[in-house]
Amino acid sequence: MRNYILETVLVFLLIFVTVSIWAKSLPDEFTPALSHHSELNYSSLGSIFTLWAPTAAKVKINLYNNDTDLRPIQTIFMKKGLQGMWTAMEKGDLKGKYYTFQIQHKGKWLKETPGIWAKAVGVNGIRAAVIDLKSTDPEGWTNDVRPSLTHHTDIVIYEMHHRDFSVAPNSGIQHKGKFLALTENGTKNAEGLSTGIDHLKELGITHVHLLPSYDFGSIDETRLSDNRYNWGYDPKNYNVPEGSYSTHPADPATRIREFKQMVQALHRNGIRVILDVVYNHTFVTDESNFTLTAPGYFYRKNKDGSYSNASGCGNETASEQPMMRQFMIESVKYWAKEYHVDGFRFDLMGIHDIETMNQIRKELDKIDPTIYMYGEGWTAGASPLDESLRAVKKNGLQFPRIAVFSDDLRDAIKGSWNDAKAPGFVGGTSGLEESLKFGITGATQHPQVNYSHVNYSQAPYANNPDEVINYVSCHDDMCLNDKLRESSPFNTKADQIKRQNKLAQTIVFTSQGVPFILSGEELFRTKKGIHNSFQSPDSINEIDWHWKTIHHDLFDYYRNLILLRKQHPAFRMNTQADVASHLRFLDINQKCVVGFILADHANGDEWKDILVIHNGNRQPVEVSVPDGEWMAVVKDGQINLSGLGNIENSRITIAPVSSLIAFRK
């Protein structure tokens with residue numbers, strides 16, 4: 001008994017000293033100077049609770065036996081310390097209990113909240129849970145390692161939604177719509193073709209980009225039989241996996257363990273994991289966890305006091321506020337360390353300030369510099385934060401080693417995102433040649449690009465090619481197949497749409513930068529013409545794995561495009577200087593034709609020169625090329641890395657709506 005008492009005293013003495021040192025280090029503007037912040041520090045001997053609530057008059061903790069009881073079993077009033085920090089200590093083992101914080105603000109008790117740092121929650125994320133995180137580690141977790149990655153330009157990203165990828169009846173996957181779907185090997189469709197994680201390996205991608213997988217607010221985890229669908233861009237608890245993707249949402253440990261199992265399985269299969277993070281806004285505003293702990297602090301407001309709305313979702317967070325910045329930094333670090341996440345895609349990154357994004361990059365570099373960061377370099381509306389301070393695309397040179405999406409290349413290839421009927425380069429539209437060249441050079445400075453003729457940007461925004469994401473479709477707007485059908489000036493027969501599809505992705509995969517595809521594009525995916533499927537049913541969003549059987553020619557084309565890129569480093573140069581030196585555009589004075597040569601063993605490639613010509617016209621074109629013995633590997637919608645025949649003349653014909661890729665040694 002004496003030893004137990006002594007151990008308990010020592011634990012709480014250590015906790016008290018830690019909190020005291022921590023509080024004294026806080027600057028005057030209420031900024032917690034923590035490297036690792038948590039509102040609960042758990043021990044089997046006792047727990048310490050902390051909450052940053054600088055404007056609260058009183059703060060209490062409500063302890064519950066479970067996440068459904070109406071009344072707490074105990075209420076603990078917290079003590080106010082320095083710089084807005086409140087603390088409370090409770091002896092004994094609280095594992096298995098649930099808790100909420102509640103603050104008194106301006107004479108009124110606000111609603112209960114699990115706090116902003118909750119790392120385990122009950123069903124629907126209403127109450128935080130006391131668990132031992134170590135107990136959630138799957139077997140072998142300490143030996144889990146990131147698959148090797150030399151350069152960010154080696155990355156090939158595959159964006160997926162958990163339900164889309166596995167929920168179809170013909171997926172052959174047992175855990176449909178769950179984290180565990182990505183742990184199942186050997187799954188096949190009805191015709192015996194690989195699905196699931198085996199499909200990803202066969203395709204050859206290096207990274208899966210998971211749409212929001214933290215705890216979000218739009219799905220009722222107690223009514224999963226309703227089969228409601230949402231993309232998840234409605235954050236509730238940022239540091240906890242979403243319960244609807246687990247097999248047991250009511251058990252706080254299950255969602256954590258199964259997310260780790262998913263990461264572990266992907267890593268074992270050579271695939272890295274990117275998490276889509278949405279720090280720019282919250283699902284609700286007045287009753288968000290941010291507001292219920294520090295009202296008014298975490299959000300930007302207009303001059304009239306109303307909430308600003310650059311997110312288009314009712315509010316926008318204020319990353320320039322020290323505590324919001326700290327929260328974002330620590331949250332990202334937590335996912336990288338606790339869950340071994342390998343990259344982060346920042347939704348509407350243009351809302352965040354440049355300094356915050358640079359600090360996140362700096363902190364992730366301390367963990368592993370191969371962790372990748374990218375985001376949308378724009379907002380969905382006006383923001384009160386001056387644009388010069390925000391991580392928008394035009395300011396990209398100010399946040400190195402963080403990539404932005406190239407909407408310039410995207411819309412040049414397929415046509416405007418906001419006009420379904422507007423065709424792009426692959427639809428035969430001329431005048432987009434310079435926008436294509438801008439994308440081909442990875443949005444870096446190149447002497448042969450006329451920036452005054454680029455569709456959206458008048459100057460480069462990437463220091464080096466790894467700072468741009470090249471893509472033609474993502475979860476937003478129409479998928480590629482649907483957009484091409486809607487905008488095609490040609491007939492809409494499948495074989496003609498496929499020609500445009502192949503040309504579009506050939507441009508993406510032969511451009512400098514990081515290629516990105518939406519899941520299912522390799523299978524000729526359709527969403528039946530729906531532009532914004534964020535809450536459409538599975539019948540619209542799911543991947544029908546029968547598509548792999550009937551469109552296997554397209555799958556093989558994508559697979560070989562990825563293999564071509566992997567085998568030939570000329571397509572993935574790492575510096576702006578190398579791109580400017582080795583990538584030379586051909587002088588082709590024809591509309592809707594762009595050609596270039598990757599010269600002189602670019603980036604150490606075994607091929608001396610690589611010739612690439614894209615023809616978006618409905619008819620064949622003749623192009624003059626340098627003399628020499630060229631061997632074609634992509635020609636007229638076909639791809640064969642062993643060769644498709646020699647090119648013997650200096651003037652060659654490029655088939656309609658297709659690319660030609662050839663090399664000489």
Side-chain angles (χ1 to χ4, degrees), residues 409 412-413 425-426 428-442 446-450 453 499-500 502-512 557 560-561 563-565 567-573 578-665:
L409 182 62
I413 292 174
F425 179 90
V426 302
T429 301
S430 61
L432 297 169
E433 294 82 8
E434 292 303 315
S435 299
L436 221 66
K437 289 164 67 176
F438 178 88
I440 288 167
T441 59
H446 193 281
Q448 290 180 281
V449 178
N450 184 345
H453 286 72
R499 289 189 72 89
Q500 294 183 67
K502 289 179 179 180
L503 174 57
Q505 297 293 13
T506 306
I507 296 169
V508 167
F509 278 94
T510 57
S511 294
Q512 302 300 317
Y557 190 89
N560 279 297
L561 266 184
L563 188 59
L564 172 67
R565 186 178 177 89
Q567 290 184 353
H568 293 283
F571 295 111
R572 38 192 175 86
M573 288 183 270
D578 277 351
V579 175
S581 175
H582 293 281
L583 195 157
R584 303 165 191 170
F585 288 103
L586 300 177
D587 186 14
I588 301 174
N589 193 22
Q590 299 188 59
K591 293 181 179 180
C592 218
V593 183
V594 172
F596 60 92
I597 290 178
L598 301 171
D600 303 325
H601 298 286
N603 202 25
D605 204 293
E606 65 172 309
W607 291 347
K608 181 180 185 297
D609 299 314
I610 303 175
L611 173 69
V612 181
I613 304 174
H614 305 303
N615 176 23
N617 292 287
R618 298 174 66 179
Q619 59 278 335
V621 296
E622 282 195 350
V623 176
S624 295
V625 300
D627 291 333
E629 294 185 7
W630 296 95
M631 170 63 73
V633 292
V634 175
K635 184 178 180 181
D636 194 15
Q638 302 300 311
I639 184 168
N640 188 329
L641 302 191
S642 299
L644 291 169
N646 291 319
I647 298 172
E648 299 177 352
N649 301 317
S650 61
R651 191 153 183 86
I652 60 174
T653 299
I654 315 299
V657 196
S658 72
S659 298
L660 172 78
I661 302 177
F663 71 91
R664 60 183 180 187
K665 293 188 176 181

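Since the model is a prediction, treat every value here as computed from it, not as a measurement.
- Between H582 and N603 the shortest side-chain heavy-atom distance does not fall below 4.5 Å.
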(message) Using the rule given for side-chain contact (heavy atoms from CB on, under 4.5 Å), can you reason through R664 versus W607, listing the C-alpha separation, both sets of side-chain angles and the distance that settles it, and then say yes or no?
(response) CA-CA 6 Å; R664 60 183 180 187; W607 291 347; over 6 Å; no
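- Screening residues 620-632 for side chain to side chain donor-acceptor pair (under 3.5 Å), with sequence neighbours left out, gives E622-R651, S624-R651.
- Here the straight-line distance linking atom OG of S511 with atom CD1 of I440 works out to 5.0 Å at 0.5 Å rounding.
- In summary, the aromatic rings of F585 and H446 are positioned with their centroids under 6.0 Å apart.
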(request) Please assess I654 against V593 for the test side-chain contact (heavy atoms from CB on, under 4.5 Å), listing each intermediate value before the final yes or no. (result) CA-CA 10 Å; I654 315 299; V593 183; 5.9 Å; no
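- The closest side-chain heavy-atom distance from K608 to H601 is below 4.5 Å.
- Looking at heavy atoms from C-beta onward, T510 lies in side-chain contact with I661 at the 4.5 angstrom threshold.
- Proximity of L436 to I413: side-chain heavy atoms (C-beta onward) are separated by under 4.5 Å at one or more points.
- Of all the heavy atoms in I647 and A632, the pair that sits closest is CD1-CB, 4.3 Å.
- Taking OG1 of T653 as the reference point, atom CG of L660 lies at 10.0 Å (rounded to 0.5 Å).
- Without hydrogens or angle criteria, K502 side chain to G637 main chain gives a donor-acceptor distance under 3.5 Å.
- No more than 12 heavy atoms of other residues, nucleotides or ligands sit less than 6.0 Å from atom CG of D587.
- For the residue pair M573 and A602, the shortest heavy atom distance occurs at SD-CB, 4.1 Å.
- The shortest side-chain heavy-atom distance between F596 and T441 does not fall under the 4.5 Å cut-off.
- Rounded to the nearest 0.5 angstrom, L583 CG and Q448 CD are separated by 8.0 Å.
- Closest heavy-atom contact between P447 and A580: CD-CB, 4.2 Å.
- Two residues are said to be in side-chain contact when any heavy atoms from C-beta on lie closer than 4.5 Å; D605 and F663 fail this criterion.
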(message) What verdict does the side-chain contact (heavy atoms from CB on, under 4.5 Å) test give for L611 and V623, after you've listed the backbone C-alpha separation in whole Å, the side-chain angles of each residue and the deciding distance to 0.1 Å?
(response) CA-CA 12 Å; L611 173 69; V623 176; over 6 Å; no
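- With N617 contributing its side chain and Q619 its backbone, the two residues share no donor-acceptor pair below 3.5 Å.
- The two residues P626 and I597 have their closest heavy-atom pair at CG-CD1, 3.5 Å.
- Closest heavy-atom contact between L432 and A412: CD1-O, 3.4 Å.
- Atom OH of Y557 sits about 9.0 Å away from atom CG of L564, to the nearest 0.5 Å.
- Looking at H614 and S659, their side chains come closer than 4.5 Å, going by heavy atoms from C-beta outward.
- Annotation: the span from N450 atom CG to K437 atom NZ amounts to 7.5 Å, rounded to 0.5 Å.
- Between I613 and V625, the closest side-chain pair of non-hydrogen atoms falls below 4.5 Å.
- Nearest heavy atoms, A570 versus I610: CB-CD1, 3.7 Å.
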(request) Could you please spell out the steps behind the side-chain contact (heavy atoms from CB on, under 4.5 Å) verdict for Q512 and L598? (result) CA-CA 11 Å; Q512 302 300 317; L598 301 171; 4.0 Å; yes
(message) Under the criterion salt bridge (Lys or Arg N to Asp or Glu O under 4.0 Å), I'd like the reasoning laid out for R584 against D600: C-alpha separation, chi angles, the key distance, then a yes or no.
(response) CA-CA 11 Å; R584 303 165 191 170; D600 303 325; 2.8 Å; yes
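- In this structure, CG in L644 is found 8.5 Å from CD1 in I639, a value given to the nearest 0.5 Å.
- A salt bridge links D636 with R499; the closest basic N to acidic carboxylate O contact falls under 4.0 Å.
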